[in-house]
Amino acid sequence: MPVDPLFDRLARALAARGHQVRIAEPRDGHPDPSGTQRIAGLEVVDGAVGDVGIYCINTIRFLLGEEPMEVFARTFRPPGDPRFKEVDATIIWQMRFPSGVLANCMCSFDTYDTKSYRAVAEHGIFGMDPSFPYHGLKMFARPEQPPLPKIAESDQFANELDHMADCVINGRQPYTPGEEGLQDQRIIEAIFESARTTRAVTLPRFDKLDPFRGPPPD
């Protein structure tokens, strides 16, 4: 998920304003016409979900502050397409959270370029389109009152480096520590297990919000 503190805070504020998110729908699709850009290397040994699907997982975990307690997934490989002989082209999965929210997620190496999410809440809809690129993020909300504030674009990598340097210098825990990445990997493994067995996979339940997060940056 792109690191822009102002966008992050606004997204969480919108989730709170909606009182209760019912359904969340993140999507990250990448067309790969050459067949080599994202498929032919070891960096995609986990397929689309390990490469671009992580944005979908991070987004919903961040917005809700919750961890999924159940995952159900299915995969697809176009017949006869040599690019996907060993790697799934598309994976669709649903995550169920302790509050009852259902997240319907999709990522793919074989779809039109799409990077967005939408959250359907009790009193409105909000999201971002695009939401995952490094530049040009755009947020929307309905109803539109009060209007969304204008947020100037910032350098996400500079934000990350500044935050990490501050943590090292001042002995602070990072906002996104290693435990966050480990939890992502647990969820990815559950997605693959569900796709392989065609059954829902149960994950450990955490009732505390943001159980793996460090303190937010100043």
Side-chain angles (χ1 to χ4, degrees), residues 1-3 7-29 45-76 88 90-108 114-128 131-132 141 173-216:
M1 183 177 178
V3 180
F7 271 110
D8 288 351
R9 292 168 188 166
L10 178 56
R12 279 202 158 182
L14 287 171
R17 186 201 301 175
H19 297 297
Q20 178 62 64
V21 174
R22 305 300 192 194
I23 301 172
E25 298 176 331
R27 297 179 174 86
D28 199 343
V45 67
D46 284 341
V49 72
D51 184 9
V52 296
I54 191 70
Y55 291 101
C56 302
I57 295 170
N58 283 169
T59 296
I60 301 308
R61 291 180 59 227
F62 175 81
L63 285 175
L64 301 177
E66 300 181 42
E67 299 302 327
M69 52 188 291
E70 186 179 82
V71 172
F72 180 75
R74 298 299 295 266
T75 62
F76 174 72
D88 293 320
T90 300
I91 185 162
I92 298 172
W93 72 99
Q94 185 176 82
M95 298 187 290
R96 184 165 65 92
F97 290 84
S99 64
V101 173
L102 294 176
N104 300 315
C105 310
M106 184 281 290
C107 64
S108 179
T114 178
K115 302 175 180 66
S116 65
Y117 75 81
R118 180 182 72 159
V120 181
E122 183 180 1
H123 297 294
I125 297 173
F126 69 92
M128 295 181 71
S131 58
F132 305 137
Q173 182 186 22
Y175 185 47
T176 307
E179 290 82 358
E180 274 284 308
L182 181 59
Q183 176 65 0
D184 286 333
Q185 190 58 45
R186 293 190 188 104
I187 296 169
I188 289 173
E189 290 177 357
I191 290 170
F192 280 123
E193 180 181 349
S194 175
R196 183 179 66 255
T197 63
T198 67
R199 296 177 180 271
V201 173
T202 300
L203 290 162
R205 176 167 179 153
F206 297 91
D207 291 317
K208 176 185 175 182
L209 293 180
D210 293 319
F212 304 105
R213 285 278 180 195

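The figures here come from the full heavy-atom set of this structure, side chains too, leaving out hydrogens, waters and symmetry mates.
Between Thr75 atom OG1 and Ile191 atom CD1 the span is 11.5 Å, to the nearest 0.5 Å. The structure places CD of Glu67 at 9.0 Å from CZ of Arg186, a figure rounded to the nearest 0.5 Å. Distance check, rounded to the nearest 0.5 Å: CD1 of Ile57 to CH2 of Trp93 gives 5.0 Å. Atoms OH and CG, from Tyr117 and Asn104 in turn, are 16.0 Å apart once rounded to the nearest 0.5 Å. Separation of atoms CG (Leu63) and CZ (Phe97) is listed at 9.5 Å; rounding is to 0.5 Å. Going from atom CD1 of Ile91 over to atom CZ of Arg74 covers 10.5 Å, rounded to the nearest 0.5 Å.
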Notebook entry, point to check: Going through the distances and angles, do Arg61 and Met95 end up as a side-chain contact (heavy atoms from CB on, under 4.5 Å)?
Noted result: CA-CA 10 Å; Arg61 291 180 59 227; Met95 298 187 290; 5.6 Å; no
Notebook entry, point to check: After noting the C-alpha distance and the side-chain angles of Phe76 and Ile92, does the key distance pass the side-chain contact (heavy atoms from CB on, under 4.5 Å) rule?
Noted result: CA-CA 9 Å; Phe76 174 72; Ile92 298 172; over 6 Å; no
Next item on the list: List the steps, then state whether side-chain contact (heavy atoms from CB on, under 4.5 Å) holds for Phe212 with Leu182.
Entry: CA-CA 9 Å; Phe212 304 105; Leu182 181 59; over 6 Å; no
Next item on the list: Could you walk me through whether Met69 and Thr202 pass the side-chain contact (heavy atoms from CB on, under 4.5 Å) test, one step at a time?
Entry: CA-CA 6 Å; Met69 52 188 291; Thr202 300; 5.8 Å; no
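What you find for Thr59 and Tyr55 is that their closest heavy atoms are OG1-O, 2.7 Å. In terms of heavy-atom proximity, Ala103 sits nearest to Ile60 at CB-CG2, 3.9 Å. The shortest heavy-atom contact between Pro216 and Tyr175 is CA-CD1, 3.4 Å. Pro211 and Phe206 get closest at one heavy-atom pair: CG-CB, 4.0 Å. The heavy-atom pair separating Pro177 from Gly214 by the smallest distance is CD-N, 3.8 Å. Looking at every heavy atom in both residues, Ser116 comes nearest to Ser131 through CA-OG, 3.2 Å.
You'll find the side chain of Met106 stays beyond 4.5 Å of the side chain of Cys56, heavy atoms only. Counting heavy atoms from C-beta on, the side chains of Thr176 and Arg213 come closer than 4.5 Å.
A side chain to side chain contact (heavy atoms under 4.5 Å, CB included) with Val201 is found for one member of Glu70, Glu193, Arg196 and no other, namely Glu193.
For the residue pair Ser194/Arg199, the side-chain donor-acceptor check at 3.5 Å is not satisfied.
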